[in-house]
> 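Below is the structure I would like to discuss, written out as structure tokens.
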Amino acid sequence: MNKMKLPKFLNTRLGFFSLLAILFWVKNICAYLFEFNLGIESVRQYFILFINPIATTLFLLSIALYVKRPKVSYITMMVIYFLMTLLLFANISYYREFTDFITINTILGAGKVASGLGESALRLFRIHDVLYWLDFVVLIVLFARKKITLDERPVRARMALAMSTLSVMIFFGNLFLAEVDRPELLTRTFSRDYLVKYLGINAFTAYDGVQTYQASQVRAEASPNDMDEVANYVSDHYAAPNDDLYGIAKGKNVIYIHLESTQQFLIDYKLKDENGVEHEVMPFINSLYHDNQTFSFDNFYHQVKGGKTSDAETLMDNSLFGLNQGALMTQLGGKNTFESAPNILEQVDGYTSAVFHGNDGTFWNRNETYKHWGYDYFFSKEYYDVNEDNSFQYGLHDKPFFEQSAKYLEQLQQPFYAKFIAVSNHFPYSQFTGDEAGFPLAQTDDETINGYFATANYLDSAVEEFFNYLKASGLYENSVIVLYGDHYGISESRNTSLAPLLGKTEDTWTSYDDAQMQKVPYMIHVPGQTKGGINHTYGGQVDALPTLLHLLGVDTTNYIQLGQDLLSPEHDQVVAFRNGDFVSNKYVYHKGSLYDTATGTAITEPTAEQQQEVDSLKDQVSQQLATSDQINSGDLFRFYTKSGLKELDTTQFNYKDAETQLKEAAEKAGADSTSVLSQNNGVSTADLYKTQTYQEIHGTATADSEAAEK
Ligand code: GP9
Ligand code: MN
């Protein structure tokens with residue numbers, strides 16, 4: 001080692017700076033490749049991944065270049081380098097346990113769970129982790145042996161500034177590429193994985209810090225008086241339940257089926273193939289829609305914005321809106337106090353709760369948010385057998401998803417509140433258009449639209465199989481099954497291409513039609529009762545929770561919920577879109593234009609009376625949205641006691657070993673265990689699940705020729 005000669009360059013400050021930058025880059029890339037699972041899908045994403053540590057590393061290290069005194073400058077550089085390594089390494093360890101990245105809140109809250117932290121850090125240590133720290137030892141030795149000497153000459157201020165500026169420029173280049181690959185990355189913040197994948201750990205941590213700070217400022221200013229105001233608003237808008245229907249589903253399981261990107265126009269829709277033959281897109285869901293055991297709605301709207309699926313979940317489980325910018329679940333889901341459906345049902349009627357979803361648990365920050373909503377279990381991707389053939393970028397396909405869920409569902413203690421988030425019918429709708437295509441494609445000039453019907457048909461078939469299983473396992477009779485569309489599948493910009501399929505033309509398509517396209521299915525199927533039918537009340541996702549709770553016989557008078565029971569004769573029939581536009585039973589106000597709801601005729605010159613009505617509707621809508629924002633940004637539930645609900649201890653939930661927890665719950669209940677598995681004397685019902693491909697159901701040339709071969 002004595003003979004070893006290091007390049008002279010290393011004895012300059014800039015040389016040493018470069019060495020540290022390169023070392024950190026290497027460590028960071030190793031972590032990306034070997035420690036984290038970031039779902040890199042293309043060469044471009046690899047490129048972004050490889051460049052994303054550069055900007056922040058240069059920027060942070062460049063701080064030391066401004067320091068003139070040699071010793072202080074080198075020490076500053078080493079301290080920054082050490083802190084960056086520490087942050088990276090902490091994330092590596094944390095990821096092993098939680099498959100997630102560390103947020104500022106996790107760091108701030110670490111004290112709360114400090115006991116056991118040291119122990120788990122040790123348990124998470126891998127022998128190769130030494131490599132992340134080895135360079136410190138080497139550097140110290142090199143300094144001690146004077147292989148690297150301190151450069152007495154300070155870096156010129158201009159040079160230091162140039163380095164900082166360069167790093168900022170690289171950052172913007174990085175951000176630009178990221179936005180090209182994943183538009184609205186920063187405004188919608190899909191998940192921490194995405195931020196790390198596109199911008200790196202340092203940038204993610206800084207971004208998270210800024211957001212946490214901003215949120216905490218608003219939160220700090222809120223007071224219990226604000227909650228009093230909110231409570232007054234809510235009681236003024238309370239819609240009393242329909243006496244005939246209150247409690248008709250008391251004590252039943254609730255099974256939510258989240259119909260990804262499913263719009264109401266698909267209901268009863270028949271797609272013409274190239275030969276003019278009609279194919280019903282969702283035959284099974286249509287049969288539910290027309291069943292008098294189902295409360296179906298044909299004027300029900302989604303109310304989501306940037307948080308898409310997560311906003312729909314927020315609305316359905318809380319009767320609160322998402323945020324006007326970004327996603328509530330990612331920004332506040334893991335921080336705020338809520339009084340959500342699973343928590344209410346647990347405390348009032350002893351329900352167990354679970355979410356099933358075949359994508360990464362961190363997407364939309366579900367893994368944290370669900371704890372704050374009181375979900376007992378969350379079965380995310382790791383609980384499923386997911387491979388390249390049965391999945392796409394958003395996770396496991398619906399048929400294997402529902403099928404593989406059976407073995408967990410049968411273990412839940414009843415009654416339960418279980419949500420199944422399907423995902424196959426998700427943009428780009430090219431999942432079932434290749435060789436595996438079965439259902440015909442539409443014939444427009446827009447491929448997104450063309451594939452939409454085939455993926456919707458696949459979803460329909462998956463839901464049918466799931467219903468068959470529910471019937472076979474005996475769960476069906478004892479459950480209420482709620483289906484809802486989360487948001488549009490075809491974005492407004494494509495609607496004119498869709499127009500011909502809906503019997504309209506591009507030229508006559510208006511904002512009124514765009515507003516109509518925001519309708520999504522909402523159906524509450526209550527096996528055994530026959531008071532259902534198609535209800536025409538104008539409502540939206542915010543109304544779902546009070547509607548459901550009243551059917552379950554749960555009194556909502558003391559809950560802070562912003563919607564109204566859709567089955568109540570007192571429902572206001574005003575639907576707020578998150579941007580302030582609205583639909584009521586009389587008027588549609590969308591993108592600055594006003595229409596008559598019944599006819600779709602534009603009202604260009606409203607009478608004084610009409611104007612007054614519209615103004616008051618606008619006020620009503622903005623008040624509802626503002627109240628929601630006030631609750632969320634002020635975290636007002638922490639001041640609310642009137643609901644009589646006990647404070648939720650979010651640390652009781654651990655979504656990592658659900659199987660053990662399920663077994664423990666059954667053992668604890670002993671002979672009183674109400675899970676399907678226990679009721680079936682421990683014999684699994686999962687075998688009762690029958691699933692078939694489109695070809696197997698409908699028979700095709702391929703299936704025929706296979707049969708002929710046999
Ligand atoms: C991802 C899925 C999709 O897990 O729920 O979310 P979306 O893109 O529809 O908001
Ligand atoms: Mn969605």
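Heavy-atom basis, side chains included; hydrogens, waters and symmetry copies ignored. Start at 1 and go down the list; that is how both ligands and their atoms are numbered. The structure displayed is predicted, hence computed values, not measured ones.
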> Testing the 3.5 Å rule here: is there a donor-acceptor pair between the side chains of Gln518 and His302?
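Checked: Gln518/His302 side chains pair up, N/O donor to acceptor below 3.5 Å.
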
> Would Lys381 and Tyr384 count as a cation-pi pair here, with the cationic atom under 6.0 angstrom from the ring centre and within 45° of the axis?
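Judged by the rule (NZ or CZ under 6.0 Å from the ring centre, within 45° of its axis), Lys381 is not positioned above Tyr384.
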
> Is the closest heavy atom of Trp364 to ligand 1 under 4.0 Å?
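Heavy atoms of Trp364 do come under 4.0 Å of ligand 1.
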
> Nearest 10°: the angle subtended at the Mn ion (ligand 2) by His487 NE2 and Asp486 OD2?
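Value, to the nearest 10 degrees: 80°.
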
> Where is the tightest heavy-atom contact between Trp373 and Leu648, given as atom of each residue plus distance?
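Trp373 and Leu648 have their closest heavy atoms at C-CD2, 4.2 Å.
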
> Can you tell me if an N/O/S atom from His258 lies under 2.8 Å from the Mn ion (ligand 2)?
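Within the cut-off used here (under 2.8 Å), His258 places no N, O or S atom near the Mn ion (ligand 2).
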
> State plainly whether the residues Asp311 and Arg578 are in salt-bridge range, i.e. N to O under 4.0 Å.
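The answer is no: the pair does not qualify as a salt bridge.
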
> For ligand 1, which atoms sit closer than 4.0 Å to a heavy atom of Asn359?
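Counting from 1, the qualifying ligand atoms are 1 (C), 4 (O).
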
> Quick test: of every protein heavy atom, which one is nearest to atom 5 (O) of ligand 1, and how far off is it to 0.1 Å?
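Going by distance alone, atom 5 (O) of ligand 1 is nearest to Arg366 NH2, 2.9 Å.
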
> Starting from atom 9 (O) of ligand 1, locate the nearest protein heavy atom and write down its residue, its atom name and how far away it is, to 0.1 Å.
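Of every protein heavy atom, Thr309 OG1, 2.6 Å lies nearest to atom 9 (O) of ligand 1.
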
> Per the ring pair (Phe, Tyr, Trp, His ring centres under 6.0 Å) rule, which among Phe338, Phe378, Phe379 passes with Tyr370?
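It is Phe378; the other options fail the test.
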
> Does His357, backbone or side chain, put an N or O under 3.5 Å from an N or O of ligand 1?
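His357 vs ligand 1: N/O contact under 3.5 Å present.
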
> Looking only at side-chain N and O atoms, does Ser424 offer a donor or acceptor that is under 3.5 Å from a partner on His397?
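Judged by distance alone, the side chains do pair up.
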
> Taking both backbone and side-chain atoms into account, decide whether Thr309 has an N/O/S atom under 2.8 Å from the Mn ion (ligand 2).
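Checking the Mn ion (ligand 2) against Thr309, an N, O or S atom does fall under 2.8 Å.
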
> Please tell me whether Glu492 and His590 have a donor and an acceptor in their side chains that are separated by less than 3.5 angstrom.
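Result is yes, a qualifying pair exists.
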
> Verify the ring-centre separation between Tyr694 and Tyr458: is it less than 6.0 angstrom?
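Not under 6.0 Å, so no.
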
> Show which atoms of ligand 1 fall inside a sub-4.0 Å distance from at least one heavy-atom site of Glu260.
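Counting atoms of ligand 1 from 1, those under 4.0 Å from Glu260 are 9 (O).
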
> What verdict does the salt bridge (Lys or Arg N to Asp or Glu O under 4.0 Å) test give for Lys335 and Glu368, after you've listed the backbone C-alpha separation in whole Å, the side-chain angles of each residue and the deciding distance to 0.1 Å?
CA-CA 9 Å; Lys335 301 172 186 155; Glu368 293 302 327; over 6 Å; no

> Can you find an N or O of Tyr394 that's nearer than 3.5 Å to an N or O of ligand 1?
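So ligand 1 has no N or O lying under 3.5 Å from an N or O of Tyr394.
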
> Any atoms of ligand 1 less than 4.0 Å from a non-hydrogen atom of His487? List them with their elements.
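That gives atoms 9 (O) of ligand 1.
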
> Starting from atom 8 (O) of ligand 1, what is the nearest protein heavy atom, named by residue and atom, and what distance separates them?
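Ranking protein heavy atoms by distance from atom 8 (O) of ligand 1, first comes His426 NE2, 2.7 Å.
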
> Looking only at N, O or S atoms in Glu260, which is nearest to the Mn ion (ligand 2)?
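The nearest such atom is OE2.
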
> Does His258 come within less than 4.0 Å of ligand 1, judged by its heavy atoms?
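His258: no contact with ligand 1 (<4.0 Å).
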
